[in-house]
Each structure stands twice: as C-alpha cells, then as structure tokens.
Amino acid sequence: MTIEQKITEIVANAIEKLYATTVSVEQVQLQTTKKEFEGDITVVIFPFVKAARKSPEQAGEEIGKYLQEHEPIIENFNVIKGFLNLSISSAYWLELLGNINAEANFGLKAASEESPMVMIEYSSPNTNKPLHLGHIRNNLLGFSLGEIMKATGNKVVKTNIVNDRGIHICKSMLAWQKFGEGETPESTGLKGDHLVGKYYVIFDQKYKVQIAELIAQGQAEDAAKKNAPLMIEAQEMLLKWEKNDKDVVALWKMMNQWVYAGFDVTYKKLGVDFDSIYYESETYLLGKKKVEEGLEQQLFYQRDDKSVWADLTADGLDEKLLLRSDGTSVYMTQDIGTAQLRFENYPIDKMVYVVGNEQNYHFQVLSILLDKLGFKWGKDLFHFSYGMVELPEGKMKSREGTVVDADDLVEEMIATAKATSDELGKLDGYTEEEAYNVSRMVGLGALKYFILKVDARKNMTFNPAESIDFNGNTGPFIQYTHARIKSVLRKANDLGMAIPTKIDASITLNEKEIGLIQLVGKLPTVIQQAADEYSPSLIANYVYDLVKEYNQFYHDYSILKEENVGIKEMRLLLSQNIAKVIKTGMSLLGVEVPERM
RNA sequence: GGUCGGGUAGCUCAGCUGGAUAGAGCAACAGCCUUCUAAGCUGUGGGUCAUGGGUUCGAAUCCCAUCCUGAUCACCA
C-alpha cells in the first residue's frame with residue numbers, strides 16, 4: 001500500500017467517525033506539504049467543511065487531533081487555513097523504505113496470461129530516404145510507450161509498418177537505374193538507406209531541370225510537371241511493379257534490402273526494436289479487397305469515374321476517397337488492410353498508432369471506417385499524436401536541406417559527449433572501449449531525454465547545442481547522479497559496510513530524507529499515471545525531481561562520513577533505492593544509466 | 001472558412017482530474033573544490049500564467065467569447 005492510500009484510508013475513517021458521514025476516496029485530496037510548512041503530507045479540508053459544519057480551521061484541528069490520537073503513524077499536525085499538515089512518524093517512513101528495498105522490481109507489474117495485449121505501431125519509415133530527426137522523436141516515443149505499457153502489466157507487441165511501395169519509391173529506383181552506374185553500399189561505403197536517399201535527391205534535381213526546360217519551351221508549370229520524361233518513366237515503373245514485372249521487382253527488392261540494412265543499424269543505435277514488421281506491399285491488396293467488400297455491402301459508394309468513396313458527413317466529417325478511379329489504393333486503403341492483418345495475427349485488445357499530428361484527421365477517419373467495416377476494435381484505436389520537431393532556425397524542410405539526419409545526429413551527440421568527457425578528464429583510466437561506451441550512453445541519453453521530457457503533443461524546438469548541455473534537466477545530469485550514488489555504494493562496500501535491508505525504527509529522519517523516501521515511493525503511481533495518460537514525459541520529469549532532490553541532499557549531508565552508524569546505513573539504503581528508481585525510470589525511457597562516468 | 005492542438009520568466013519546458021505565496025533549467029550576476037565524483041551545490045534578479053468575461057470559499061487549471069500560432073480538410077504518403 002502506498003503512503004497516499006494509507007493516509008486516504010485513515011482520513012476517511014476519521015471523518016466518518018467524527019461527523020457521521022460517508023467519505024469517498026476522491027474526496028480526500030492529498031498533496032505533498034510545501035517546504036515552508038511543517039509536515040509531510042497535507043490534507044485539503046475544504047471538501048469536508050459542509051459535513052463538519054465547522055470552519056475549515058476548526059475541522060482541520062479536530063481531524064488532526066483525532067488522527068494523532070488514534071493513528072500511530074501520525075506524529076504531529078498543524079492547520080493553516082483549510083490545510084491540515086500531517087507529520088508522519090519516522091518509523092513509518094523507514095518501514096516503507098524497507099518494503100521498497102525488498103521489491104526487486106519496484107514499480108513494475110508483470111504481465112500475466114489474462115493481461116490485455118497492446119500493439120504499438122511506430123517508426124513507419126519510407127524506403128526512399130534515411131531516418132531524420134522527426135523519426136527519432138517517433139521512435140523514442142513509441143519505444144518508451146511500449147516499455148511503459150509493459151511495466152503496467154500489459155502484453156506489448158511493438159510493430160512497424162514499412163512504406164515500401166508507391167511512386168516515391170520508384171523515383172529513387174529510376175534515378176539509380178539511370179545515373180547510378182551500378183553503385184552499391186559495398187562499392188561506395190555508404191549506408192544503404194543513405195545511398196538510396198541520395199538517388200531520391202538526384203531524381204528531384206534532374207526532374208526540376210526537366211521541368212524548367214519544358215517551361216522554357218512554353219509549357220505551363222502544371223503541365224511541365226506531368227510531362228517531364230522522368231516523371232512519366234517513374235509512373236511507368238510503378239505500373240510495371242504493380243504488374244509484377246520481373247526486372248522492376250528485382251530492382252525493388254535489392255534496393256529495399258539496402259535500405260532495411262541501413263535502418264537496422266539506425267534502430268540498433270537508437271536502442272529501439274520491433275516484434276513484428278508489416279510492409280505495405282503485403283497489405284495494400286488486402287485493404288483493397290476489404291474496401292470492395294464494403295462497397296458491396298453499400299457502406300461505401302462508387303462515383304461515375306469508378307472511384308470509391310466513404311460518406312462520413314453523418315459523422316461530421318467529409319467524404320473520403322478509398323480507391324482511385326484507376327482502381328489503385330490510397331494510404332487509407334492500406335491502413336485498413338494492415339489493421340485487418342494484424343488483428344488476424346494477434347489477439348489485440350488495444351491498438352496504438354504513434355504517428356505525427358499532421359495525421360490526426362487520417363486516424364479519426366480510419367477509426368470510423370474500421371468501425372463501419374465491422375471491426376469492433378476500430379472505435380477504440382488510439383492515435384498517439386505528437387508534434388513536430390523544429391530547429392532553432394525554423395522548420396525542417398527536406399528540399400531546403402535543413403533536415404537533420406538521424407545517423408549524423410546520433411554520431412554528433414556521442415562525439416560531443418566524448419569531447420566534453422575528455423575535456424573534464426572524466427574518462428581517464430578507462431579503456432577505449434569503456435570510454436566509448438560511456439560516451440555513447442551519455443550522448444544518446446542527452447538526445448533521448450531531451451526529446452522525451454517534453455509533452456508529446458507539443459511542437460518542440462530541438463536545439464542541438466543546448467541538448468548537449470550537461471547541466472540542468474538533462475539526461476546526463478540524471479546519469480551522473482546515478483553514477484555518483486553507485487560510487488558511494490562501491491566505497492561503502494570497499495569499507496566493508498554491508499547495506500542492511502531494514503533500518504532500526506528508532507532513527508529520526510530529517511526533512512530531506514523524508515522527502516526522498518516519499519518521492520521514491522511514488523514510482524508505481526507515476527508509472528501507472530504515465531501509462532494511463534500515454535505520457536513518457538511524466539516519468540522523465542519525475543525522475544528529474546528525484547535526482548534534483550538527491551543532489552541537494554548529497555551536498556547538505558554526508559553519507560560515508562556520518563558517525564551515527566544507524567543513520568549512515570539508512571542513508572546508504574536510501575541511496576541504493578534511489579539508484580534503483582532512477583534506473584527503472586530511465587529504462588522506461590530507453591535511456592541507459594552507467595555505473596560510473 | 002470547418003475541425004483538432006498549442007499560447008506559463010529573455011529562452012527551453014514543468015504544473016492542468018480546481019487548492020496555500022505559479023516551479024525547474026538555460027542565459028546574467030555573486031559565492032562554494034585539503035570534503036562520498038564541482039558533468040555538482042547555494043544565493044540574487046526576472047511573471048498582467050495570450051486577452052476579456054463566467055462558475056466558487058478558492059482558477060494557470062473548468063466553461064464561454066476573442067486574439068495569436070500550428071496541423072489538417074488531395075485520385076500525396
């Protein structure tokens with residue numbers, strides 16, 4: 001039982017006894033007592049003044065007095081305005097600390113056979129260019145969400161949908177075929193995704209030249225775009241692909257393999273992974289079939305030009321195209337097919353899509369369409385929508401070359417971490433491999449934490465310079481604190497001190513220690529809340545609070561040099577559990593914490 | 001124009017199921033290394049919580065209106 005539950009229970013009980021009324025759990029509002037006041041936990045009295053028929057002050061006094069007399073854990077109290085501040089006995093806090101320590105997986109719930117299954121789709125790359133900063137936010141959010149759902153007792157399937165077909169894929173294929181001169185990742189030393197991305201850019205450059213030529217010959221811009229030979233060739237290639245043309249398909253397979261190999265490297269570096277991967281090339285036909293079935297059932301309608309539409313005006317939305325007049329599928333069609341296949345493959349209870357907020361409308365529509373098609377899970381699919389990542393200079397535009405490449409960024413973060421460490425002499429005496437490993441954890445930790453601490457819904461500004469700042473609310477600051485705690489524990493061990501599992505209840509705790517135990521004890525509540533609200537940032541900011549508190553404590557009080565053995569042991573036990581909570585919290589964000597740094 | 005987000009310190013962000021004097025970090029300034037890791041700690045200055053109304057014992061938080069800003073409303077994905 002957490003401290004909040006315990007206090008809620010005894011307060012409710014006290015009020016029922018005193019005022020002969022029933023009290024619901026929601027009525028008992030608790031908060032951590034503000035620093036300026038005496039006490040640990042504060043009860044808001046206002047909700048009870050009616051039942052008490054007394055002033056808030058009087059009621060507070062009465063309740064406080066009752067608690068102090070009847071509940072051994074309440075040592076003292078004071079009332080300020082409508083707030084009853086309770087001081088909890090040290091013995092209770094020490095017991096709580098002992099209980100936390102006894103739980104190896106404190107805060108985490110394991111999934112059981114009956115646990116609901118949550119499928120989380122994230123990443124969703126296109127196979128015509130490498131991953132960029134926006135994908136990084138997506139990947140980190142998706143992975144973290146998966147960890148959080150797991151930690152709250154769900155079975156989690158992480159999935160990816162690879163957008164591997166369409167005209168954009170043909171563009172890079174065509175450019176490679178025409179201008180590539182047989183280049184391969186091996187021959188160039190380029191990562192496969194970067195090589196393919198290079199040809200996507202080349203296509204665009206050559207295409208622009210052709211458009212300019214046609215315009216110079218007197219064509220209108222729109223016409224020029226359609227008539228440029230490269231575009232016509234790309235479309236022909238797409239048609240061939242759809243007809244399963246042997247050569248085109250072979251080229252497509254080869255280039256996609258290059259890209260997948262490149263993506264794998266990036267994913268691995270980022271520390272994200274997937275339990276199952278779906279490809280649009282394998283699901284779009286299924287979606288088409290489903291739409292045709294819907295058409296037969298008159299859920300949709302066909303226009304004169306043979307295109308198929310869903311009329312969603314009854315749902316307050318527009319009409320939505322599902323099949324083009326030439327019978328080919330659109331994005332929505334593919335998502336219907338993918339969803340269906342997934343639900344055939346897994347007993348999914350909840351589907352979560354981690355996709356940027358520019359697709360809010362798409363998922364609103366998808367939900368309704370799936371529902372219309374008779375999939376009962378359609379209605380409760382959850383679109384985890386996140387905002388754009390902008391740079392201090394402004395928006396990222398691939399055409400203007402302001403895109404931050406994911407691989408470059410990761411390398412840059414690690415290199416900066418390395419440089420800073422070297423400058424401070426932090427990694428002296430480490431082997432090269434150890435030093436690199438710490439730099440890797442710190443550089444990635446900086447990046448991941450910086451992105452995950454921000455509320456996902458918001459557009460955010462990613463400032464590379466600031467993100468690598470090792471002060472303040474940053475990953476490295478948290479990692480550093482963890483490493484320092486571990487260092488203290490190692491020294492205690494060297495001194496032959498065993499850290500006890502329980503502390504003698506006669507010890508008196510100071511304010512900071514109580515505050516820390518209270519914070520540590522909140523972990524399970526915070527994780528649950530993060531899961532309920534789909535909010536990794538909640539965890540990030542909680543861990544930061546704890547770390548900040550600990551750092552102050554660390555500077556104000558000695559641990560190893562404390563003379564009172566009982567207090568020293570208690571502080572070691574407390575430190576050990578704080579390290580445990582930091583590690584747990586950070587692992588939910590996919591951030592590693594080094595033992596030393 | 002319709003729909004959906006966002007607007008809190010110079011900057012980046014917490015706080016939002018209503019609670020005490022709105023919090024951190026960065027930047028600026030002033031201190032603290034013979035001390036368990038100074039990638040740290042302490043202090044100072046910095047706010048009409050976009051604006052106006054409403055709900056009530058109490059509003060950054062809930063409701064309404066307005067303004068600013070972003071996304072979206074494609075036979076693109």
Side-chain angles (χ1 to χ4, degrees), chain A residues 26 29 31 33-34 36-37 42 44-47 49-50 55-56 80-83 85 124 126 128 163 165-169 280 303 305-309 316-332 334-335 356-362 364-365 385 387-388 390 392 395 417 420-421 423-424 426 442 450 453-455 457-463 466-467 469-474 476-477 479-481 483-492 495 529 533 537-538 540-542 544-545 548 551-562 571-572 575 596-597:
Chain A
E26 298 82 56
Q29 296 172 41
Q31 48 188 296
T33 304
K34 298 226 166 197
E36 313 87 87
F37 305 113
T42 297
V44 182
I45 297 300
F46 292 107
V49 294
K50 238 182 195 167
S55 73
I80 294 166
K81 292 198 234 170
F83 299 92
N85 301 320
S124 321
N126 289 345
N128 61 343
N163 186 346
R165 60 168 287 279
I167 188 79
H168 52 298
I169 310 296
E280 282 191 356
R303 290 188 182 168
D305 64 2
K306 301 274 188 203
S307 59
V308 177
W309 296 74
L317 301 175
D318 252 324
E319 301 187 336
K320 184 76 191 173
L321 176 83
L322 297 177
L323 289 177
R324 295 192 187 98
S325 49
D326 63 4
T328 57
S329 70
V330 293
Y331 182 38
M332 185 63 73
Q334 292 156 16
D335 258 1
N357 62 10
E358 71 272 15
Q359 293 186 31
N360 285 355
Y361 183 72
H362 172 83
Q364 208 182 337
V365 173
S385 163
M388 307 230 117
E390 286 166 24
K395 279 191 174 179
T420 311
S421 304
E423 201 179 306
L424 295 168
K426 288 282 172 186
V442 172
F450 191 90
K453 75 173 176 180
V454 180
D455 183 344
R457 280 172 306 174
K458 289 188 174 180
N459 287 358
M460 68 174 293
T461 304
F462 178 76
N463 185 331
E466 198 177 301
S467 76
D469 192 332
F470 291 75
N471 290 308
N473 188 356
T474 65
F477 173 57
Q479 291 170 319
Y480 170 64
T481 305
R484 200 156 54 175
I485 293 173
K486 286 292 185 180
S487 169
V488 170
L489 296 174
R490 275 194 301 273
K491 287 211 168 120
L495 295 170
Q529 201 185 343
E533 298 178 16
S537 72
L538 219 54
N541 287 295
Y542 158 74
Y544 174 68
D545 281 347
K548 175 110 183 106
N551 264 293
Q552 291 168 0
F553 172 77
Y554 182 91
H555 284 268
D556 290 350
Y557 301 94
S558 55
I559 298 174
L560 292 172
K561 295 196 170 59
E562 170 61 43
R571 287 182 181 166
L572 284 169
S575 299
R596 57 183 90 206
M597 61 187 276

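Just so it is clear: chains get the letters A, B, ... in the order the sequence lines come, proteins before strands, and each one is counted from 1. These numbers come from the heavy atoms of this one structure, side chains and all, not from hydrogens, waters or symmetry mates. Keep in mind that what you see is a predicted model, and the values were worked out from it rather than measured.
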query = Planes under 30° and centres closer than 5.5 Å, is that true for A:Phe37 with the base of B:A20?
reply = yes
Euclidean distance for C1', B:G10 against B:A27 (whole angstrom) = 8 Å
inquiry  = Quick check: do A:Arg596 and A:Lys486 have side-chain heavy atoms less than 4.5 Å from each other?
reply    = no
message = For a quick check of understanding: with a heavy-atom distance under 4.0 Å over all strands, which category does A:Gln31 fall into, base, sugar-phosphate or nothing?
response = base
query = Below 4.0 angstrom from OP1 or OP2 of B:A77, is there any side-chain N or O of A:Arg324?
reply = yes
request  = Provide the distance between the two C1' atoms, one in B:C64 and one in B:A59, to the nearest whole Å.
outcome  = 15 Å
Nucleotide opposite B:G46 in a Watson-Crick or G-U pair, distances under 3.5 Å = none
message = Counting only side-chain nitrogens and oxygens, does A:Arg457 get under 4.0 Å of the OP1 or OP2 atom of B:G6?
response = yes
ask   = Taking atom P in both B:U8 and B:C13, what distance in whole Å separates the two?
value = 10 Å
query = What distance, rounded to whole Å, do you find between the two C1' atoms, one in B:C16 and one in B:U61?
reply = 4 Å
task = Please determine if a side-chain N or O atom of A:Lys453 lies less than 4.0 Å away from the OP1 or OP2 oxygen of B:A14.
result = no
task = Kindly say whether, by distance alone, the side chain of A:Lys34 makes a donor-acceptor pair under 3.5 Å with the base of B:U21?
result = no
remark   = Taking for A:Asn357 and for A:Pro476 the nucleotide of RNA chain B with the nearest heavy atom, the one nearer the 5' end belongs to A:Pro476
task = Decide, yes or no, whether a salt bridge links A:Arg457 with A:Asp455 under the criterion of side-chain N to carboxylate O below 4.0 Å.
result = yes
task = Could you verify whether a donor N or O on one side chain and an acceptor N or O on the other, from A:Ser307 and A:Arg303, lie under 3.5 Å apart?
result = no
ask   = Which value, in whole Å, describes the distance between the P atoms of nucleotides B:A9 and B:C36?
value = 40 Å
Side-chain donor-acceptor pair present, A:Gln529, A:Tyr542, cut-off under 3.5 Å = no
inquiry  = It should be established whether A:Lys561 places a side-chain nitrogen or oxygen under 4.0 Å from OP1 or OP2 of nucleotide B:U35.
reply    = no
inquiry  = Should the side chain of A:Asn85 and the base of B:A20 be counted as holding a donor-acceptor pair, with the cut-off at 3.5 Å?
reply    = yes
request  = With heavy atoms under 4.0 Å as the rule, sort A:His168 into base, sugar-phosphate or nothing.
outcome  = sugar-phosphate
key: Separation between the C1' atoms of B:U21 and B:G58, rounded to whole Å   = 14 Å
inquiry  = Please determine whether a side-chain nitrogen or oxygen atom of A:Ser487 lies at a distance below 4.0 Å from atom OP1 or OP2 of B:U37.
reply    = yes
key: Identified pairing partner of B:C16, criterion: Watson-Crick or G-U wobble below 3.5 Å   = none
inquiry  = Return the pairing partner of B:C26 with a 3.5 Å limit on both distances, Watson-Crick or G-U wobble; otherwise return none.
reply    = B:G10
query = A:Lys320 side chain N/O closer than 4.0 Å to the phosphate oxygens (OP1, OP2) of B:U72?
reply = no
request  = Examine the base of B:A20 for any acceptor or donor lying under 3.5 Å from a partner atom in the side chain of A:Thr42, and report the outcome as yes or no.
outcome  = yes
remark   = Taking B:G19, B:A20, B:U72 as options, the one with an atom nearest any side-chain atom of A:Ile80 is B:A20
query = How far does the C1' atom of B:U17 sit from the matching atom of B:A74, given to the nearest Å?
reply = 40 Å
